[in-house]
Amino acid sequence: MRFTVTSVPILFLWCLSFTGASGTTEVSCGDRLTSPRGVIQTPNFPASFPVPIKCRWVIDVSDITATNGSIVVYLTQVYVYKGLSFTEYAYYESESMNFGESLIKEITEGNVFEFRWFRTFRPFLVVEFELDRLEGNHVRVLNDLLDVYGFNVTYQMTEDQPNYDSCSVQHCSFTGHCLVSADYTNFRCDCFEGFSGKNCNEGPLCFDDRREPVCQNGGTCRQIGAEAMNCHCPDGYVGHRCEIRLLDTMDAECGTENCIMQCPLDDGVPPCTCRNGTRIYNNRSRYECRIKLSNVTSLRTGSVTQQGSLESYVGKQVRNNRTNGTSAWIIDR
């Protein structure tokens, strides 16, 4: 398929400032992109840029011959979650001369990390960016580990499927930059100092003082930012550091390792001493403790006086609970 549209050449390269009626200086930027692949980024990326700012980039592949061509945009480095939108057009000459408009994606705080890429089969894609202030509108990580403004995305006109191995800020654990090769065949995470791994997920918090992994039993550590980490546990293990092994319910018999002793509560027998217990097996254990808090002063001045002593009152309550199949402890506060 060949995109053929008769058009008048228009230059969309803006790098100027002007003063409006209110006296506020607005920075404008943008371009008309006709190459099969390219980069779209905010001014001074990854540093901050003057605001307010208003930019428009027009990706125009109407003159590129393709049987089943599409424009693929890889959201490799998007650190802003307001003011960025992508709109496809069947034809686009200018803001006042276009048709077939359809909004593909608008970046928000809720979806900024939802996708790594998107595509359109239309010959025109317009990227618009408008922001009035920097504060509170860009992604940051604790301790200024990541303090990047704006965005740096790549686009490609292709007849092939998008590269599903692409990366993003989240995919690089917020501790590295997502980079793409010149031919768009390889994506990789360029890790910050002190971080390593394919996704820059291994950081200082993933190791103890002896440089031993903190995630046990083959768990995969992922440090997110400067002060947060978690362990992704393999099947059969749970816990903050994958230190707890789940019981195996597939065993036909109750072995020593995966047994639970179910014990009745007998008078005069401490709850931690199990006699005549029933051996059962299950994949989950339940421990239940009921604690009843009582005000001793009110007990002594209230209904306790009718029982003769506090000890008699407590003993009666314990016997009642045992009769009802429950156990209770009264804590003297």
Side-chain angles (χ1 to χ4, degrees), residues 1-17 26-47 49-50 53-80 83-107 115-131 149-163 166-168 177-187:
M1 177 181 66
R2 176 182 174 86
F3 295 128
T4 56
V5 178
T6 303
S7 61
V8 178
I10 299 179
L11 182 62
F12 277 82
L13 178 59
W14 304 322
C15 293
L16 53 91
S17 302
E26 183 178 72
V27 177
S28 299
C29 58
D31 202 353
R32 193 175 189 97
L33 308 170
T34 58
S35 300
R37 60 171 63 106
V39 176
I40 300 175
Q41 62 181 212
T42 49
N44 304 323
F45 181 85
F49 46 85
I53 189 172
K54 186 175 183 180
C55 310
R56 179 182 294 109
W57 293 268
V58 180
I59 303 176
D60 177 2
V61 297
S62 59
D63 290 333
I64 299 178
T65 303
T67 303
N68 190 30
S70 64
I71 301 173
V72 180
V73 177
Y74 296 100
L75 304 176
T76 47
Q77 299 181 44
V78 177
Y79 300 96
V80 66
L84 178 60
S85 64
F86 301 85
T87 307
E88 63 179 7
Y89 289 84
Y91 172 76
Y92 188 95
E93 192 64 52
S94 65
E95 288 188 77
S96 59
M97 188 181 300
N98 60 74
F99 65 85
E101 175 184 353
S102 179
L103 178 65
I104 297 180
K105 185 175 181 64
E106 182 177 4
I107 299 296
F115 303 101
R116 299 184 190 179
W117 56 266
F118 65 85
R119 72 191 303 190
T120 174
F121 289 93
R122 295 286 184 88
F124 296 90
L125 179 66
V126 176
V127 182
E128 294 180 288
F129 179 58
E130 185 173 2
L131 200 64
Y149 298 83
F151 59 88
N152 177 55
V153 301
T154 56
Y155 77 90
Q156 179 184 32
M157 192 282 177
T158 178
E159 296 181 69
D160 300 326
Q161 291 293 322
N163 192 327
S166 62
C167 53
S168 65
H177 295 301
C178 174
L179 304 179
V180 59
S181 61
D183 59 0
Y184 284 53
T185 58
N186 295 304
F187 290 81

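When reading the values below, keep in mind they use all heavy atoms of this one structure, side chains included, and skip hydrogens, waters and symmetry mates.
Within the 4.5 Å cutoff, the side chain of Arg119 has heavy atoms near those of the Gln161 side chain. Contact check for Leu84 versus Val127: side-chain heavy atoms found under the 4.5 Å cut-off. Counting heavy atoms from C-beta on, the side chains of Gln156 and Asn163 never come closer than 4.5 Å. With contacts defined as side-chain heavy-atom distances shorter than 4.5 Å, the pair Phe129/Val80 qualifies. Looking only at side-chain heavy atoms (C-beta outward), Pro162 and Tyr74 come within less than 4.5 Å of each other. In this structure the side chain of Leu75 never reaches within 4.5 angstrom of the side chain of Phe151, judged on heavy atoms. In this structure the side chain of Tyr91 never reaches within 4.5 angstrom of the side chain of Pro123, judged on heavy atoms. Looking only at side-chain heavy atoms (C-beta outward), Thr120 and Ser102 stay at 4.5 Å or farther from each other.
Annotation: the span from Glu159 atom CD to Ser70 atom OG amounts to 9.0 Å, rounded to 0.5 Å. Separating the CD1 atom in Ile59 from the CZ atom in Arg32 is a distance of 11.0 Å, to the nearest 0.5 Å. A distance of 10.0 Å separates CG of Leu131 from OG1 of Thr42, quoted to the nearest 0.5 Å. A distance of 4.5 Å separates OH in Tyr79 from NE2 in His177, rounded to the nearest 0.5 Å. Interatomic distance, CZ of Phe124 versus CD of Glu101, reported as 14.0 Å (0.5 Å rounding). The structure places CE of Met157 at 11.0 Å from CG of Asp60, a figure rounded to the nearest 0.5 Å.
For Glu128, the side chain to side chain donor-acceptor pair (under 3.5 Å) test picks out Arg56, with sequence neighbours left out.
Checking side-chain atoms of Thr76 against main-chain N and O of Asn152 turns up a donor-acceptor pair under 3.5 Å.
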List the atom pairs, donor and acceptor, that lie under 3.5 Å between side-chain atoms in residues 178-187 and the rest of the protein, sequence neighbours left out.
residue	atom	partner	partner atom	Å
Ser181	OG	Asp183	OD1	2.7
Ser181	OG	Thr185	N	3.3
Ser181	OG	Asn186	N	3.1
Ser181	OG	Asn186	O	3.4
Asp183	OD1	Thr185	N	3.2
Asp183	OD1	Thr185	OG1	2.7
Asp183	OD2	Thr185	OG1	3.1
Tyr184	OH	Gly38	N	3.4
Tyr184	OH	Gly38	O	2.9
Tyr184	OH	Tyr155	O	3.2

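Of all the heavy atoms in Ser166 and Trp117, the pair that sits closest is OG-CD1, 3.6 Å. Nearest approach of Gln41 to Trp57, heavy atoms of both residues: O-CZ2, 3.4 Å.
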Take Leu33 and Ile40 through the side chain to side chain contact (heavy atoms under 4.5 Å, CB included) test and state the conclusion after the steps.
CA-CA 9 Å; Leu33 308 170; Ile40 300 175; 3.6 Å; yes

